[in-house]
Amino acid sequence: MNDMLLAKAIVMGASALGAGIAMIAGIGPAIGQGYAAGKGAEAVGRQPEAQGEITRTMLLGQAVAETTGIYSLIIALILVVANPFLAAL
Amino acid sequence: MDFAPKRFFIPGTGIQISETVTTTWGIMLVLVIFSCLATRKLKDIPIHEVPDRRRGALELLVESLVNLVESTMGKERRGFTPYMGTLVLYLLIANLIGLIGIRPPTADLNTTLCLSTLTVTAVQYYGLKEKGLIRYLKGYLEPFVLFLPMNIMGEISPLISMGFRLFGNIIGGLIIMTMIYNVVPLLLPILPHMYFDIFSGVIQTFIFVMLTMTFISIAMD
């Protein structure tokens with residue numbers, strides 16, 4: 001019984017750490033999206049009349065760049081909310 | 001903490017339905033009633049006649065949706081407007097419904113994966129219809145034969161990435177909002193509501209519809 005509790009505590013703690021570490025992946029999309037936004041601002045400064053088109057293209061590119069960040073969020077959520085390791089214990 | 005949608009039993013039958021389904025029914029009801037009221041007794045008027053307010057508002061809505069589709073997919077593909085317009089209206093209401101305290105149906109993987117499956121199916125169907133079987137199958141072997149597994153992966157991956165993008169954004173906002181409500185329930189949540197519900201909801205609607213339109217036009221070219 002005590003062993004079981006200890007095992008559960010270790011798995012829970014490790015999962016919380018894992019969720020935190022998974023979210024480090026947020027750095028990647030943040031840099032990418034910021035770069036895209038900066039380039040978008042540059043483009044608007046050069047060509048203010050094409051602002052609508054530029055904004056649309058920028059948002060589309062940022063959405064695709066965001067995918068990896070969303071994957072890490074999903075992994076963190078699975079570890080915190082629906083932990084498969086705890087269920088297997 | 002449990003962020004799964006609530007489930008209830010229909011009395012007497014033992015059938016289980018989740019909150020997502022009932023909210024979606026509510027949104028469908030709202031859209032159907034709105035459409036019926038907005039188009040009731042609508043008749044053709046001469047082009048020089050000024051439309052009344054209801055008709056004017058309706059024309060503004062329809063025209064902006066047609067413009068969105070035309071500017072992304074091209075003038076000859078404006079036939080996609082009904083589907084894309086429905087998608088815009090449904091996703092907009094679904095993402096913004098969190099503002100009145102109802103759990104957004106898009107914070108459920110079942111809804112978002114269903115929508116992305118529709119997109120991927122439409123991409124394959126219209127690609128096949130437009131190009132013909134031979135050219136369609138040849139597209140998988142470009143630039144050369146070894147790229148076949150890569151191309152197949154590329155066709156399937158939007159299913160996962162689009163579904164999870166919408167789901168991840170909305171449920172991320174939902175979780176953070178729930179945490180904020182647990183800590184400070186008064187006044188402070190207004191600001192995060194603006195970002196997580198209004199800004200993020202509108203942007204994600206736009207992104208989902210734009211990506212759907214872009215993928216379908218790429219498959220048809």
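Labels below follow one simple rule: chain letters A, B, ... track the order of the sequence lines, proteins then strands, and each chain is numbered from 1.
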With a 4.5 angstrom heavy-atom cut-off, could you sort out which part of Leu59(A) is near chain B: side chain, backbone, both or neither?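 Both parts, backbone and side chain.
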
Check against side-chain contact (heavy atoms from CB on, under 4.5 Å), Ser71(B) and Arg56(A): CA-CA 11 Å; Ser71(B) 65; Arg56(A) 202 153 0 131; 3.1 Å; yes

CA sep, side-chain torsions, deciding dist, call: Asn169(B), Glu66(A), side-chain contact (heavy atoms from CB on, under 4.5 Å): CA-CA 10 Å; Asn169(B) 271 290; Glu66(A) 200 185 13; 3.3 Å; yes

To the nearest 0.5 Å, atom CG of Leu77(A) lies from atom CD1 of Ile171(B) at 6.5 Å

Under 4.5 Å from any heavy atom of chain A - which part of Phe167(B):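 Just the side chain, heavy atoms under 4.5 Å.
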
Step by step, work out the side-chain contact (heavy atoms from CB on, under 4.5 Å) result for Ile160(B) and Tyr71(A). CA-CA 10 Å; Ile160(B) 295 156; Tyr71(A) 289 159; 4.2 Å; yes

How far apart are the closest heavy atoms of Ala63(A) and Ile207(B), and which atoms are they?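 Heavy atoms only, the tightest pair is CB-CG2, 3.2 Å.
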
Closest heavy-atom pair, Thr67(A) versus Ser161(B), reported as atoms and distance to 0.1 Å, is CG2-CB, 3.7 Å

Could you check whether atom [atom1] of [X] has more than 12 heavy atoms from other residues, nucleotides or ligands sitting under 6.0 Å from it?
X         : atom1 : answer
Gln124(B) : CD    : yes
Met12(A)  : CE    : no
Asp3(A)   : CG    : no
Tyr125(B) : OH    : no
Met194(B) : CE    : no

ring-ring contact (aromatic ring centres under 6.0 Å, His included) contacts touching residues 55-105 of chain B (sequence neighbours left out): Phe80(B)-Tyr126(B)

Taking Arg165(B) for its side chain and Ile70(A) for its backbone only, find out whether a donor-acceptor pair lies under 3.5 Å. no

